[in-house]
Undergrad: 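The following block contains the structure, expressed as structure tokens.
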Amino acid sequence: MSGLVKATAEIDARAFTGVRPPRDGSGRPAAVLMLFGEGVDGPDVLLLRRSDTLGSHPGQVAFPGGAADPGDDGPVDTALREAFEETGVLRSGVRPVATLPELYVPVSGFLVTPVLAHWAEPSPVAPVDPAETAAVARVPIAHLADPANRFRVAHSSGYVGPAFAAPGMLVWGFTAGLLAGLLRLGGWERPWDATDVRDLELALRAT
């Protein structure tokens, strides 16, 4: 991860998104944990799929994370707390190595701080509350970097953005944008067909 950490040292939000935060500073603080470990299939990253019954972003694939609580000691504490509450990952085995610039998510109004971390001592993970988290997975970086698993998705609203086909799930939206940026910064990106644009709803049904 040393190359990735070094590459993130001097970047700004434009490395991941073109969306600018509101000038009045009205975004709600939040954080996500981008947890990289060494799995049976090489380096991997921890992702979860949100429950289909949630009122916000139902069924979407995401990094563990969420809104900051008043008692949190900054974004790293928020990310670790939320990761434990959602997936059961023990913070004692996680080594935070960098925080990325705040990213604004217009749909939710969150100002999200991505926390990059190394899973030094992996612990068992699974959905803690099925009403909130439907599935948890360690997805190999090699799978995400495989050009066969990369494309873009389009929605009738006019949205077009990066996407990844992962086992049993479609990664798109904010999370896919972060992953795309990390693959590029980490030197893991392989040439892929950015002209392959698929209908979002059809891509979701195909997973």
Side-chain angles (χ1 to χ4, degrees), residues 1 4-5 8 28-100 102-103 105 107-108 110-144 149 164-179 181-183 186 204 207:
M1 288 182 60
L4 177 58
V5 174
T8 62
R28 301 165 56 200
V32 295
L33 184 67
M34 301 182 299
L35 184 56
F36 288 81
E38 186 69 32
V40 294
D41 296 313
D44 58 25
V45 63
L46 184 66
L47 297 175
L48 61 83
R49 186 168 65 80
R50 294 166 59 83
S51 171
D52 292 329
T53 59
L54 287 175
S56 176
H57 307 295
Q60 286 195 18
V61 177
F63 292 105
D69 278 354
D72 290 342
D73 185 19
V76 172
D77 194 38
T78 296
L80 291 172
R81 175 185 56 76
E82 284 282 341
F84 173 72
E85 292 176 359
E86 293 175 332
T87 71
V89 64
L90 299 179
R91 68 167 64 203
S92 60
V94 176
R95 183 169 64 94
V97 293
T99 56
L100 275 58
E102 281 186 332
L103 304 174
V105 184
V107 175
S108 61
F110 282 128
L111 276 172
V112 181
T113 299
V115 176
L116 185 62
H118 174 229
W119 209 353
E121 298 180 15
S123 52
V125 289
V128 174
D129 181 358
E132 182 177 356
T133 305
V136 177
R138 298 182 62 169
V139 181
I141 298 301
H143 181 95
L144 296 170
N149 299 320
F164 298 83
M169 60 179 68
L170 175 72
V171 188
W172 65 283
F174 177 76
T175 303
L178 271 178
L179 283 173
L182 291 174
L183 290 178
L204 285 169
T207 57

Undergrad: For Arg81, enumerate each residue passing the side-chain hydrogen bond (donor to acceptor under 3.5 Å, both in side chains) test, keeping only those at least two apart in sequence or located in another chain.
TA: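 Asp69, Asp72, Glu85.
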Undergrad: Going by the rule side-chain hydrogen bond (donor to acceptor under 3.5 Å, both in side chains), which residues pair with Glu38 if we only count those two or more places apart in sequence or in a different chain?
TA: none
Undergrad: If we ignore hydrogens and angles and just use 3.5 Å, is the side chain of Thr8 paired with the main-chain N or O of Val5 as donor and acceptor?
TA: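 Checked: pair present.
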Undergrad: Does any part of the side chain of Phe164, heavy atoms only, come nearer than 4.5 Å to the side chain of Leu183, both counted from C-beta?
TA: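 The answer is yes; the side chains approach within 4.5 Å.
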Undergrad: So which heavy atom on Ala31 is nearest to which on Pro75, and how close?
TA: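 Heavy atoms of Ala31 and Pro75 come nearest at CB-O, 3.3 Å.
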Undergrad: Please report the closest heavy-atom contact between Val61 and Leu170, naming both atoms and the distance.
TA: CG2-O, 3.4 Å
Undergrad: Restricting to side chain to side chain contact (heavy atoms under 4.5 Å, CB included), what partner residues turn up for Ala135, sequence neighbours left out?
TA: Arg49
Undergrad: Search all heavy atoms of Thr99 against all heavy atoms of Thr113 and return the closest pair with its distance.
TA: CB-CG2, 4.1 Å
Undergrad: So which heavy atom on Ala166 is nearest to which on Val171, and how close?
TA: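 Result for this residue pair: CB-CG2, 4.3 Å.
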Undergrad: side-chain contact (heavy atoms from CB on, under 4.5 Å) for Val112 and Phe174? Distances and angles first, verdict last.
TA: CA-CA 10 Å; Val112 181; Phe174 177 76; 4.0 Å; yes
Undergrad: Report all side-chain donor-acceptor pairs from residues 88-95 shorter than 3.5 Å, counting only partners two or more places apart or in another chain.
TA:
from	atom 1	to	atom 2	distance (Å)
Arg91	NH1	Asp77	OD1	2.9
Arg91	NH2	Asp77	OD1	3.1

Undergrad: So does His143 get a backbone contact from the side chain of Asn149, meaning a donor-acceptor N/O pair under 3.5 Å?
TA: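 Yes; at least one donor-acceptor contact below 3.5 Å.
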Undergrad: Are Asp44 and Phe36 packed together at the side-chain level, in the sense that at least one heavy-atom pair is separated by less than 4.5 angstrom?
TA: no
Undergrad: Checking Glu82 side chain against Val32 main chain: does a donor-acceptor pair fall under 3.5 Å?
TA: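 No, because the side chain of Glu82 does not come within donor-acceptor range (under 3.5 Å) of the backbone of Val32.
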Undergrad: Starting at CG of Leu111, measure out to CZ of Arg28 and round the result to the nearest 0.5 Å.
TA: 10.5 Å
Undergrad: Roughly how far apart are Leu47 CG and Leu144 CG, rounded to 0.5 Å?
TA: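 Those atoms lie 7.0 Å apart.
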Undergrad: If you take all heavy atoms of Pro114 and Leu178, which pair is closest and at what distance?
TA: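 Smallest interatomic distance, heavy atoms only, reads CG-CD2, 4.0 Å.
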Undergrad: Can you list everything that forms a side chain to side chain contact (heavy atoms under 4.5 Å, CB included) with Val128? Sequence neighbours excluded, please.
TA: none
Undergrad: Could you check whether atom CG of Asp73 has more than 12 heavy atoms from other residues, nucleotides or ligands sitting under 6.0 Å from it?
TA: no
Undergrad: Would you say the side chain of Leu46 lies within less than 4.5 Å of the side chain of Leu33, judging by non-hydrogen atoms?
TA: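 Heavy-atom side-chain distance check fails, nothing below 4.5 Å.
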Undergrad: Please tabulate, for side-chain N and O atoms in residues 115-122, each donor-acceptor pair with protein atoms closer than 3.5 Å (sequence neighbours left out).
TA:
none

Undergrad: Return the minimal non-hydrogen interatomic distance between Ala30 and Phe110, and the atom names on each side.
TA: CB-CD2, 3.8 Å
Undergrad: Got a second to check how far Leu35's CG is from Thr87's OG1, nearest 0.5 Å?
TA: 8.0 Å
Undergrad: State, yes or no, whether a side-chain contact exists between Pro127 and Val136 at a heavy-atom distance under 4.5 Å.
TA: yes
